[in-house]
Asks: 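What follows is a single structure, and I will ask about it in a moment.
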Amino acid sequence: MKTIVIQANDANQRLDKFLTKSFPNLPQSMLYKSIRKKDIKCNGKRCEISTRLQEGDVLTLYLKDEFFQKEPKEHDFLKAPKKLTVVYEDENILLLDKKPGLIVHPDEHYHFDSLIARIQHYLYDKKEYDPETENSFAPALVNRIDRNTGGIVIAAKNAESLRILNEKLRARELTKKYLCVVCGKMPRKEDTLEGFLEKNESQNRVYISQKPNANTRTIRTRYRVLAEKQGFSLLEVELLTGRTHQIRAHLASIGHPLAGDGKYGKNAVNKKIGFPYQALYSYYLGFSFTSDAGILQYLQGKDFRVRDIWFLQDFEKWK
């Protein structure tokens, strides 16, 4: 038998989701059978798979100890460097300036170093995160940025902040703006581009068209020209929809690819200017809530900017 008291970071989850994350050795079939047979109870009473857990609830699991055993392991995030550029931090969130070249989540090629691993290492050292005392939560990212793009990434320190920020991101109550350098002179000083994006998973790239089909998603990209030099334009861009590679592919589709973009850009131009990454940076984040933000309401109206943008120095030197 095992007794678990639901903590703040475990609350508002479905019972089956919480148990699946907390006890990976417990087969799904056994989990559902145990709930039906009342071998798993909440506050001493029968519960359902869909029971929504609340802080302070007490779960009692009348199961064999083998299902509760967790393999002792070294935490991979401790192998990641601690280097982070913190834009803002409080008890609920972290805003990081992710530098180009760093992935946000581990993949098969970069297992130990990623932005989220660095964040977890950072919070572990500050004693704000201890995986041994958490049943199901780990600090997590709210938004993502491509490996070779830099800019502001939001991390949630607790489950309630993660839930709220995910909702606000979906509701487009977070304003994100980008700076980029593109090839050529834009046809208008400012405009809102519209199109249809189709993602090719095997190629890890997207294609833009002006006509929809069953596999496309609508995209809208707003831009404003800030400066023009040597056949390039510096733009401020706001995503009105947030799709994979949207800025890079959308601007390339109208003949103005990003400088330094090896996937959607012009190789001859890229070789000439020698940029190591695509000239794209998520430099601005604003909190513009139109509905209650709970414990994060204090962020309403606040905005944050990154000023150390690697390609601006080069652009400003061009005649």
Side-chain angles (χ1 to χ4, degrees), residues 2-26 28 31 35 40-44 47-61 63 67-78 80 82 84 86 88-96 104-106 114-144 153-171 173-174 287 289 291-299:
K2 187 174 184 67
T3 300
I4 305 168
V5 179
I6 298 302
Q7 303 175 32
N9 281 335
D10 305 320
N12 296 313
Q13 295 186 72
R14 280 173 46 128
L15 174 65
D16 57 339
K17 301 296 184 184
F18 169 76
L19 292 175
T20 297
K21 286 188 284 187
S22 299
F23 305 108
N25 292 337
L26 181 60
Q28 289 283 302
L31 166 63
I35 293 173
I40 297 177
K41 295 183 178 181
C42 181
N43 299 323
C47 49
E48 303 294 335
I49 291 170
S50 59
T51 294
R52 190 69 62 171
L53 298 173
Q54 301 301 319
E55 184 177 0
D57 282 350
V58 178
L59 296 181
T60 311
L61 289 73
L63 303 173
F67 297 124
F68 307 134
Q69 293 173 359
K70 295 183 180 180
E71 293 292 330
K73 65 175 184 178
E74 180 183 2
H75 299 297
D76 285 347
F77 65 79
L78 293 176
K82 302 178 186 180
L84 286 173
V86 178
Y88 172 81
E89 179 178 9
D90 61 31
E91 68 275 16
N92 294 312
I93 70 166
L94 266 169
L95 302 184
L96 295 314
V104 293
H105 286 114
S114 64
L115 181 63
I116 188 57
R118 293 187 184 194
I119 290 167
Q120 292 175 357
H121 194 168
Y122 170 78
L123 294 176
Y124 181 87
D125 284 355
K126 290 185 67 182
K127 302 189 185 309
E128 292 188 34
Y129 169 55
D130 182 1
E132 301 301 330
T133 61
E134 292 287 350
N135 290 316
S136 61
F137 178 78
L141 302 182
V142 176
N143 63 314
R144 301 184 181 191
V153 177
I154 313 166
K157 292 185 178 183
N158 53 65
E160 181 66 3
S161 297
L162 181 62
R163 181 189 65 78
I164 292 169
L165 288 170
N166 280 335
E167 289 178 357
K168 297 304 182 185
L169 188 66
R170 284 193 294 269
E173 295 178 34
L174 304 179
F287 294 89
F289 302 142
S291 58
D292 182 59
I295 64 171
L296 299 182
Q297 189 62 36
Y298 62 89
L299 292 171

Asks: Quick one: pull up CG in Asp16 and CD1 in Ile49 and give me the separation to the nearest 0.5 Å.
Replies: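 It comes to 6.0 Å.
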Asks: If you take all heavy atoms of Val5 and Asn135, which pair is closest and at what distance?
Replies: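 Heavy atoms only, the tightest pair is O-ND2, 3.9 Å.
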Asks: So how far is it from Gln54 CD to Cys42 SG, rounded to the nearest 0.5 Å?
Replies: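 Reported value, rounded in 0.5 Å steps: 9.0 Å.
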Asks: Say whether, by atom type as modelled, one donor and one acceptor occur between the side chain of Glu134 and the main chain of Pro131 under 3.5 angstrom.
Replies: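 Answer holds: no.
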Asks: Step by step, would you call Leu299 with Ile93 a side chain to side chain contact (heavy atoms under 4.5 Å, CB included)?
Replies: CA-CA 10 Å; Leu299 292 171; Ile93 70 166; 3.7 Å; yes
Asks: In a check of side-chain contact (heavy atoms from CB on, under 4.5 Å) between Leu162 and each of Asn9, Leu141, Val142, which one passes?
Replies: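 Among Asn9, Leu141, Val142, the one meeting side-chain contact (heavy atoms from CB on, under 4.5 Å) with Leu162 is Val142.
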Asks: Out of curiosity, Leu95 CG to Ile154 CD1, how far, rounded to the nearest 0.5 Å?
Replies: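 If I round to the nearest 0.5 Å, the distance is 6.0 Å.
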Asks: Which atoms form the tightest heavy-atom contact between Asn43 and Gly56, and what is the distance?
Replies: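 In terms of heavy atoms, the two residues are closest at OD1-O, 4.4 Å.
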Asks: To the closest 0.5 Å, what do you measure between OG (Ser22) and NZ (Lys17)?
Replies: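 One gets 13.0 Å once the value is rounded to the nearest 0.5 Å.
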Asks: Please step through side chain to side chain contact (heavy atoms under 4.5 Å, CB included) for the pair Tyr122 and Leu96, ending with a clear verdict.
Replies: CA-CA 12 Å; Tyr122 170 78; Leu96 295 314; over 6 Å; no
Asks: State, to 0.1 Å, how close Cys47 and Ile35 come at their nearest heavy-atom pair, and which atoms those are.
Replies: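 Cys47 and Ile35 have their closest heavy atoms at O-CG2, 3.4 Å.
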Asks: Just do the side chain to side chain contact (heavy atoms under 4.5 Å, CB included) check on Leu31 and Phe23 with the steps written out, would you?
Replies: CA-CA 10 Å; Leu31 166 63; Phe23 305 108; over 6 Å; no
Asks: Return the set of residues passing ring-ring contact (aromatic ring centres under 6.0 Å, His included) with Tyr298 (not counting sequence neighbours), or none when no residue passes.
Replies: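 Not a single residue meets the ring-ring contact (aromatic ring centres under 6.0 Å, His included) criterion with Tyr298.
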Asks: For Phe18 versus Leu59, what's the shortest heavy-atom pair and its separation?
Replies: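 Looking at all heavy atoms of both residues, the closest pair is CE2-CD1, 3.7 Å.
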Asks: Compare every heavy atom of Leu296 with every heavy atom of Leu165, then report the nearest pair and how far apart it is.
Replies: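 Nearest heavy atoms, Leu165 then Leu296: CG-CD1, 3.6 Å.
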Asks: Residues in side chain to side chain contact (heavy atoms under 4.5 Å, CB included) with Arg144, at least two apart?
Replies: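 For Arg144, the residues satisfying side chain to side chain contact (heavy atoms under 4.5 Å, CB included) (neighbours in sequence not counted) are Val104, His105.
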Asks: Strictly by side-chain hydrogen bond (donor to acceptor under 3.5 Å, both in side chains), give each pair with a member in residues 155-169 just once, sequence neighbours left out.
Replies: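 Passing the test, one end in residues 155-169: Glu89-Lys157, Asn92-Asn158, Glu128-Lys157, Asn158-Ser161, Glu160-Arg163, Arg163-Glu167, Lys168-Glu173, Lys168-Ser291.
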Asks: Determine whether Asn12 and Leu53 satisfy the following criterion, side chain to side chain contact (heavy atoms under 4.5 Å, CB included), listing intermediate values before the conclusion.
Replies: CA-CA 5 Å; Asn12 296 313; Leu53 298 173; over 6 Å; no
Asks: Which residues pass the ring-ring contact (aromatic ring centres under 6.0 Å, His included) test with Phe77, not counting sequence neighbours?
Replies: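 Phe77 satisfies ring-ring contact (aromatic ring centres under 6.0 Å, His included) with His75, Tyr124, Tyr129 once adjacent residues are dropped.
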Asks: About how many Å separate CD1 of Ile40 and CD of Glu48, when rounded to the nearest 0.5 Å?
Replies: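 One gets 12.0 Å once the value is rounded to the nearest 0.5 Å.
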Asks: Taking atom NZ as the centre, does Lys127 end up with more than 12 heavy-atom neighbours from other residues, nucleotides or ligands that are less than 6.0 angstrom away?
Replies: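 Atom NZ in Lys127 is not crowded, with 12 or fewer foreign heavy atoms closer than 6.0 Å.
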Asks: Return yes if some donor-acceptor pair links the side-chain N/O of Gln7 with the main-chain N/O of Thr133 below 3.5 Å, else return no.
Replies: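 Yes: the side chain of Gln7 pairs with the backbone of Thr133.
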Asks: Could you pull out all residues at least two apart from Glu91 that satisfy side chain to side chain contact (heavy atoms under 4.5 Å, CB included)?
Replies: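 Counting only residues at least two positions away or on another chain, Glu91 forms no side chain to side chain contact (heavy atoms under 4.5 Å, CB included).
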Asks: Is any side-chain heavy atom of Leu94 less than 4.5 Å from a side-chain heavy atom of Tyr88?
Replies: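 SC-SC contact between Leu94 and Tyr88 ruled out.
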Asks: For Ser50, does its backbone N or O pair with a side-chain atom of Arg14 as donor and acceptor, under 3.5 Å?
Replies: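 Here the side-chain-to-backbone pair does not exist.
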Asks: Quick one: pull up CD1 in Ile6 and OG in Ser136 and give me the separation to the nearest 0.5 Å.
Replies: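 Atom-to-atom, Ile6:CD1 and Ser136:OG are 7.5 Å apart.
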Asks: For Asp10 and Gln13, work out which heavy atoms get closest and say how close.
Replies: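 For Asp10 versus Gln13, the nearest heavy atoms are O-NE2, 3.2 Å.
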Asks: Going by the rule side chain to side chain contact (heavy atoms under 4.5 Å, CB included), which residues pair with Ala80 if we only count those two or more places apart in sequence or in a different chain?
Replies: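 Ala80: side chain to side chain contact (heavy atoms under 4.5 Å, CB included) contacts with Asp113, Ala117, Arg118.
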